[in-house]
Enquirer: 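Right, I'll just put the structure down here and ask away after.
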Amino acid sequence: MRIAVLPGDGIGPEIVVQAVKVLEVLRREGLPLELEYAPIGGAGYDASGDPLPDATLNLAQQSDAVLLGAVGGYQYDALPRLLRPEQGLLRIRKGLNLFANLRPAQLYPELANASPLRLEVVSGLDIMILRELTGDIYFGQPRGIRTLDNGERQGFDTMVYSESEISRVAHVGFQIAMKRAGENGVGKVCSVDKANVLDTSMLWREIVTEVAKEYPSVELSHMYVDNAAMQLVRAPKQFDVILTGNIFGDILSDEASMLTGSIGMLPSASLDANNKGLYEPCHGSAPDIAGKNIANPLATILSLAMMMRYTFARVDIAQRIEFSVRKTLQRGLRTADIAEAGMKKIGTDAMGDAVVAAMLN
Ligand code: IPM
Ligand code: MG
């Protein structure tokens, strides 16, 4: 099991250290883990003038899975777009063909009070957002800022999806829904688009409807993205799998994270066609709290659980990690972002140690 570890910027390095503690436990027990480190994002730019150094991409390509912290920092804000840390992330997603981005939003009962929504709206929440990750307006050409004849500048981007890009991610969505439903259950896919306005979305809807015919046991519905944003806070439990494009998925997944109390709890998996994957927390590099030992490492640790489940097909280990996180929460231990009155507030490091302790007994 070769894992490329890319800590990145901001709180990235400190949360990745905690996840590596978990991996070290597994390695001591005999799991054949090999970890290799490389810089990405601002760290990549600092090391070699490139947010995705060639050596980092090569390492990631040769590994079975990638563990990533987060990228971005104030000191890089003035760089031209192509040198900014975010480009490292976008290029590694594209370079590894990680088109299927899984962002589960689950409410841990222990954190029910951390959600800003009323308990009855979110209790038992378990939805999976499947975001297409290598297409759409993120990568469409042409794009740029041009000067018009009248001297005024104009910014432009291109939203684009080809049939094959839509159908491959749709297949993943229906397969996930079937798996979640189990033998006799009925899985549901809600495809989110803006087909009342965008041609790209009209094609999206047509192709998803086509693909659905191959999965008669899964219920397909369609929803416009503005309505989906509203339904997510009004009645989030109506959703099972949300299938959507890159930009809509970016926005809806941040929204969904808050249903669970904190974006600091949300893991993600980005998969290629062979289940090779990049695993990272949904949150960003939070430069304002970097180095203070207060960031929540649980999203990164839970991303490892996803790695074990999807890339290494070790559901047993995935469940053990998830269970250890729950046990830690049950003990009343909380980082600042999820702290409630009466709970013990601890730092990043102590949270990592607590999860390790929970794994060992
Ligand atoms: C995410 C982030 C990234 C994205 C940024 C950092 C480029 O917001 O993973 O959701 O927009 O995809
Ligand atoms: Mg985002």
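All values below come from the heavy atoms of this structure, side chains included, with hydrogens, waters and symmetry mates left out. Every value quoted in this text rests on a predicted model; they were computed, and no experiment measured them. We're numbering straight along the sequence, starting at 1. Both ligands and their constituent atoms are indexed starting at 1 by order of listing.
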Enquirer: Using the side-chain contact (heavy atoms from CB on, under 4.5 Å) definition, which of the options Thr56, Leu59, Val20 pairs with Tyr37?
Expert: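 When side-chain contact (heavy atoms from CB on, under 4.5 Å) is applied between Tyr37 and each of Thr56, Leu59, Val20, only Val20 qualifies.
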
Enquirer: Compute the minimum heavy-atom distance from Glu280 to ligand 1 and say whether it is under 4.0 Å.
Expert: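 So Glu280 does not count as touching ligand 1.
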
Enquirer: Could you measure the distance from the CE atom of Met351 to the NZ atom of Lys21? Nearest 0.5 Å is fine.
Expert: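 Nearest 0.5 Å value for the CE-NZ distance: 11.5 Å.
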
Enquirer: Ring-plane angle category for Trp204 and Tyr161, please: parallel below 30°, perpendicular beyond 60°, tilted otherwise.
Expert: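 Rings of Trp204 and Tyr161: tilted, as their planes differ by 30° to 60°.
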
Enquirer: State, to 0.1 Å, how close His283 and Asn296 come at their nearest heavy-atom pair, and which atoms those are.
Expert: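 That would be NE2-O, 4.1 Å.
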
Enquirer: Counting only heavy atoms not in Arg331, do more than 12 fall under 6.0 Å of its CZ?
Expert: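 Open: at most 12 neighbouring heavy atoms sit under 6.0 Å from CZ of Arg331.
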
Enquirer: Kindly identify the option in Arg84, Glu86, His283, Arg103 whose heavy atom sits closest to atom 5 (C) of ligand 1.
Expert: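 Shortest heavy-atom distance from atom 5 (C) of ligand 1: Glu86.
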
Enquirer: If I apply the N/O under 3.5 Å rule, does Asp254 come out as touching ligand 1?
Expert: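 So ligand 1 has no N or O lying under 3.5 Å from an N or O of Asp254.
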
Enquirer: Which N/O/S atom belongs to Asp250 and is the closest one to the Mg ion (ligand 2)?
Expert: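 That would be atom OD1.
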
Enquirer: Give the residue, atom name and distance (to 0.1 Å) of the protein heavy atom nearest atom 4 (C) of ligand 1.
Expert: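 Checked against all protein heavy atoms, atom 4 (C) of ligand 1 sits closest to Tyr138 OH, 3.4 Å.
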
Enquirer: With atoms numbered from 1 as shown, which atoms in ligand 1 lie under 4.0 angstrom from a non-hydrogen atom of Arg131?
Expert: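 By the 4.0 Å cutoff, the relevant atoms are 1 (C), 4 (C), 9 (O), 10 (O), 11 (O), 12 (O).
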
Enquirer: Mark the output for Gln87 as yes if a heavy-atom distance to ligand 1 is under 4.0 Å, and as no if none is.
Expert: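 It does not; every heavy atom stays at 4.0 Å or beyond.
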
Enquirer: Could you tell me the residue and atom name of the protein heavy atom closest to atom 10 (O) of ligand 1, and the distance to it rounded to 0.1 Å?
Expert: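 The answer is Asp250 OD1, 2.9 Å.
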
Enquirer: Between Thr134 and Glu132, is there a side-chain donor-acceptor contact under 3.5 Å, judged purely by atom types and distance?
Expert: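 Short answer, yes.
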
